[in-house]
Amino acid sequence: MIDCIDKEFYSRPTAVVARDLVGMKLVRSLVVDGLKSRLSGIIVETEAYGGRDDQASHARVGLTPRNSVMFGQVGRAYVYFTYGNHFCVNVSARSPKQPAGAVLIRALEPAEGIALMKSNRNQDDLYSLASGPGRLTRSMGITPTLNGVDMTRSDSELFIEIGRSPRRIISTPRIGITRAIEKRWRFIDPSSIHVSRKTRINVR
DNA sequence: CGCTCGATATTCT
DNA sequence: GAATATCGAGCGA
């Protein structure tokens, strides 16, 4: 029996959830050529995004069609399209007192279904497969059709399991934003090389 | 290796 | 019209 992370885990302050998700396993269940397949990776980089009080968050402007998952039930997938090319995946998480929040998953260390992930990315280099939010959604076949999916159920197409304990977790300012850069709400496992280029530069 | 640029949805100004 | 929770191609050093 494998543990799927439950709603209680996500019903805590978003930054705490973001930190605790490092080391957990993101699982994508899909059907390829009539066969049920499983893709997974250990989460090695996350970022927390809050509500009105977080000027870097999509939720800072209040509820819109795009960010509605951030205001809904915790433990749901928030998938959005960005920069004209890429998808990013978050899981909604927040303290019960807060109106909105989500954790952006920024990098994975590939675990299961690596051959299919390589095929999805048209890329053979293991270290480039899921080292970045746009890369990991592509390698795992995550698109906005999964927006709103309940990630606390192991029969969902996308969910998170207990993984391993990272040796160490570092926090730094978030990447690719211009507002609220003082918040150190990015969490990474610095022992993993499966991280974005920008991350590595920052850690060094 | 580092820099610039294109892709172009959603939202903001 | 401009900015954005990004990535990879193309180019020059």
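- Within 4.0 Å (heavy atoms only), A:F81 reaches sugar-phosphate atoms of the nucleic acid but no base atom.
- Between A:Y83 and B:dA9, no base-stacking contact is recorded for ring centres under 5.5 Å apart and planes less than 30° from parallel.
- From A:F81, atom CZ reaches atom CZ of A:R66 across 11.0 Å, with rounding to the nearest 0.5 Å.
- Looking only at side-chain heavy atoms (C-beta outward), A:Y10 and A:I5 come within less than 4.5 Å of each other.
- For the atom pair CZ (A:F87) and CG (A:L136), the distance works out to 12.5 Å, reported to the nearest 0.5 Å.
- Within the 4.0 Å cut-off from OP1 or OP2 of C:dT6, at least one side-chain nitrogen or oxygen of A:R106 is found.
- Of the two residues near DNA chain C, A:G134 and A:R179, the one whose nearest nucleotide lies more 5' is A:R179.
- Remark: A:R60 is not in phosphate contact with B:dT11, judged by side-chain N or O atoms under 4.0 Å from OP1 or OP2.
- Listed pair A:R121 / C:dC7 fails the phosphate criterion, with no side-chain N or O lying under 4.0 Å from OP1 or OP2.
- The side chain of A:T82 contributes no N or O atom lying less than 4.0 Å from OP1 or OP2 of C:dT6.
- Between A:S128 and A:Q123 the shortest heavy-atom distance is CB-NE2, 3.8 Å.
- For B:dT8, there is no paired nucleotide, since no Watson-Crick or G-U wobble pair has both relevant distances below 3.5 Å.
- For A:I175, counting side-chain heavy atoms from C-beta on, the closest listed nucleotide (C:dG8, C:dA5, C:dT6) is C:dT6.
- Here the nucleotide nearest the side chain of A:T178, chosen from C:dA5, C:dG8, C:dT4, is C:dT4.
- Note on A:I177: only backbone sugar-phosphate atoms sit closer than 4.0 angstrom, heavy atoms only; bases stay farther off.
- The base of C:dA5 sits with one of its N or O atoms less than 3.5 Å from a complementary donor or acceptor on the side chain of A:Y80.
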